[in-house]
Structures are given as C-alpha cells and as structure tokens.
2 protein chains.
Amino acid sequence: MGYSIGQAAQKTGLTTHTLRYYEKEGLLPFVRKNSAGLRVFSDNDINWLNMIECLKATGMPLKGIKQYIDWFREGDTTLPQRLEMFKQQEKNIKEHLHRLQTNLSKISYKIRLYDKAVELGSLEKAQGLEEFKNDRLKLFGH
Amino acid sequence: MGYSIGQAAQKTGLTTHTLRYYEKEGLLPFVRKNSAGLRVFSDNDINWLNMIECLKATGMPLKGIKQYIDWFREGDTTLPQRLEMFKQQEKNIKEHLHRLQTNLSKISYKIRLYDKAVELGSLEKAQGLEEFKNDRLKLFGH
DNA sequence: ATAGAATTTAGAGTTTACTCCAAGTCAAGA
DNA sequence: TCTTGACTTGGAGTAAACTCTAAATTCTAT
C-alpha cells in the first residue's frame, strides 16, 4: 500500500532519478513523505504514473502532462479543458498511427526490394525487375 | 531539376537550417555545390530527404540514418546489413503501432468518462456510474 | 548599377528529458 | 557499534535535434 521510491521505480519501469525529476517538474504533487522525509508512493500514485506513461508514450510533452495534472487539481471547473485535451490527444494519436502505417508500408517495400537485392547480390539488378521497376519513383529512390 | 536550399526546404517541409545541419551530420553526401559554392539539390536528393523523413518519422535516430547512408555508399557488399536494418525497423514500427493502439483505447475511455463528467458537472459522479465503476481500476484511476 | 533577398560558414544557444554526482541522513543486520 | 544500502537535496552534466547569429558573398530584379 506504501512504496519506497525504489519500489515505485520497479513497478513503473522508471528510474528513481526520473521519479524525482518528475516530482521536481510538478508531475507528482500527490506523493507524500513520511516523518523521515522519505517519499511514500501509494497505489494511487502508481496509477498516476501509468497515466503519465500513457500520455508520454502517445507524444505529449511533460509540460502538457503537468497542465493536465494542474487542471485535475483545480477540480470540476476544468472538466471541459481536460475533455478537450483528451480529444486533441486522440486526434494526434490517430494521425500518428496513420503516418506510421504509411511509413511501415514503405519500409516493407524496402524489405521486399532488399530481399531480392541480397539474393541477386546487386541493388541495381533488383531495381531492374518488373516488380520494382514501376514502383521506384512512386515510393522513393533509395 | 536543380533546387536551391530554400526550394528544397519548401519541397520537404524542413528549414534551410535543418538541411545544413543534416549535411553537417553526413546525411546529405550527394548534394552538389555550384561554382559559387551554393548547394544545388537534385530530384534524387529530394528523394533521399523523403527516405530520411520516413526513417526519422518511424523513430530512427539521425545516427542510424547516417549508418544506412554510409552503407549505401559502400555499395552492394553492405546489402545484408541494410536488409537487416530495415527488418529491425519494421519490427520497431509494429511494436510502436501496438503500443499506440493500446494507449489510444485508454484515451478513448477517458473521453467517454469525461464526456459524461462534463454532462454531470462532476468527475466523481461520472466515475460512480455502472458504466465506469468496474473499469476504474482495470484501466487507471485518473 | 544597385538594392534587397537568399545563401555561405563557423560556431554559439536552446529545448527536452533525462542522468549523474556529492555530501549528507537514516534504518536494518552482523 | 559499525557497515551497508537506500534514501535525501541541490545542482551539474549529457544527448539529440535542432535553431539562431553574424559577417561575408551571391543571386535577382529593376
């Protein structure tokens, strides 16, 4: 129910350095300290760290995450802002997914090309094949 | 057929600063200069920049991109390394896509929750609804 | 011919997100 | 009691990828 910074680090996959850095940046305003001044992470704090990880992994900078946390602390008056933020984030993720899928197909094309090139021992020869001749400029040259 | 650095910047969406930076980092060894010392970008160079953009957008650091370009310049003896690199990159992209999709569903959950919260004027009330009561700990608290 | 826009270089500065260090405190085991 | 290991703080250092500056040169349009 109460974790040391080391235990919290283990649970989240972050380092203790990073956890202290996040606190310094205002991302962990909920973490308490015991009488000796040691941080005590609750399960709730671990949940917050998972939320932070989710936003971070989807491209939100720490500043944006801090904004969300500040809004959360302000209470229900900021519900619309938070909703708007999540909607914007959803849009960003979908765009990112789309870009990633487009680029994945380019890389997969490269793999097909290089598979043949390795087989033939020559990139030029592979590019000369009917299969790749037409795509060449449509995708990209290298 | 021959573009100034400004035109190349326009075509790629990069800045002239960034193009010069890339050249300094060894990412544009193909770009020629005219007799006055001005860079002249060919269509082939623009294709290279698109390739660089593809690798960058899928998470490859500039160092890795430079490695690829160096291998390319070495010729067909490095075909296997390049194929391996593309395969690794494909794997990275697929993992990234998967993580992004997982996190997208978390964000979409948040949007549903906050939609209700805005409607009710209270996050607590929304979290109390049957629809969200059970999911609360499964996803995350905030 | 000349004004003004674009380009050149070397090098300094910025931002983000850590990452590490030093010097000190605190709790638990041999 | 002593040592070991985890923790504390403030602050310095790092890596990546730009981003900007200054002074000089070159191109373009009138």
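Throughout, a chain's letter reflects where its sequence line sits, starting with A, and its residues are numbered from 1.
- Heavy-atom minimum distance, Leu19(A) versus Ile5(A): CD1-O, 3.6 Å.
- Side-chain proximity of Lys56(B) to the nucleotides dT8(C), dT16(C), dC18(D) is greatest for dC18(D).
- Where Thr15(A) and Thr16(B) each meet DNA chain C at their nearest nucleotide, the meeting point lying more 5' is that of Thr16(B).
- Residue Arg39(B) is in sugar-phosphate contact alone, with no base atom involved, counting any heavy-atom pair closer than 4.0 Å across all strands shown.
- Between the P atom of dT19(D) and the CG atom of Leu19(B) lies a distance of 12 Å, rounded to the nearest Å.
- For Ile5(A) and dT19(C), the CD1 to P distance is 14 Å, given to the nearest whole Å.
- As judged by a 4.0 angstrom heavy-atom cut-off over every strand, Ser4(A) is placed among residues touching the sugar-phosphate backbone only.
- Comparing dT8(D), dC18(C), dC18(D) by their closest approach to the side chain of Thr18(B) singles out dC18(D).
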Scan nucleotides 21-30 of chain D against the protein and return all N/O pairs shorter than 3.5 Å with their distances rounded to 0.1 Å.
none

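- The aromatic ring centroids of Tyr22(B) and Trp48(B) lie 6.0 Å or more from each other.
- Glu25(A) and Lys63(A) are not joined by a salt bridge, as no carboxylate oxygen comes within less than 4.0 angstrom of a charged side-chain nitrogen.
- The pair Glu53(B)-Lys56(B) meets the salt-bridge criterion, with a side-chain N (NZ, NE, NH1 or NH2) lying under 4.0 Å from an Asp/Glu carboxylate O.
- Between Phe86(A) and Tyr114(B), the two ring planes are tilted [angle within 30° to 60°].
- Within the structure, a side-chain polar atom (N or O) of Lys33(B) is placed less than 4.0 Å from OP1 or OP2 of dT9(C).
- Straight-line distance from the OH atom of Tyr21(B) to the P atom of dA12(C): 16 Å, rounded to whole Å.
- Between Lys24(A) and Leu14(B), the residue whose closest nucleotide on DNA chain D is further toward the 5' end is Lys24(A).
- Salt bridge absent: Lys87(A) and Glu84(A) never bring a charged side-chain N and a carboxylate O closer than 4.0 Å.
- For Glu131(B) and Lys116(B), the salt-bridge test fails: no basic side-chain N is under 4.0 Å from an acidic carboxylate O.
- A close approach under 4.0 Å does not occur between any side-chain nitrogen or oxygen of Tyr22(A) and OP1 or OP2 of dA17(C).
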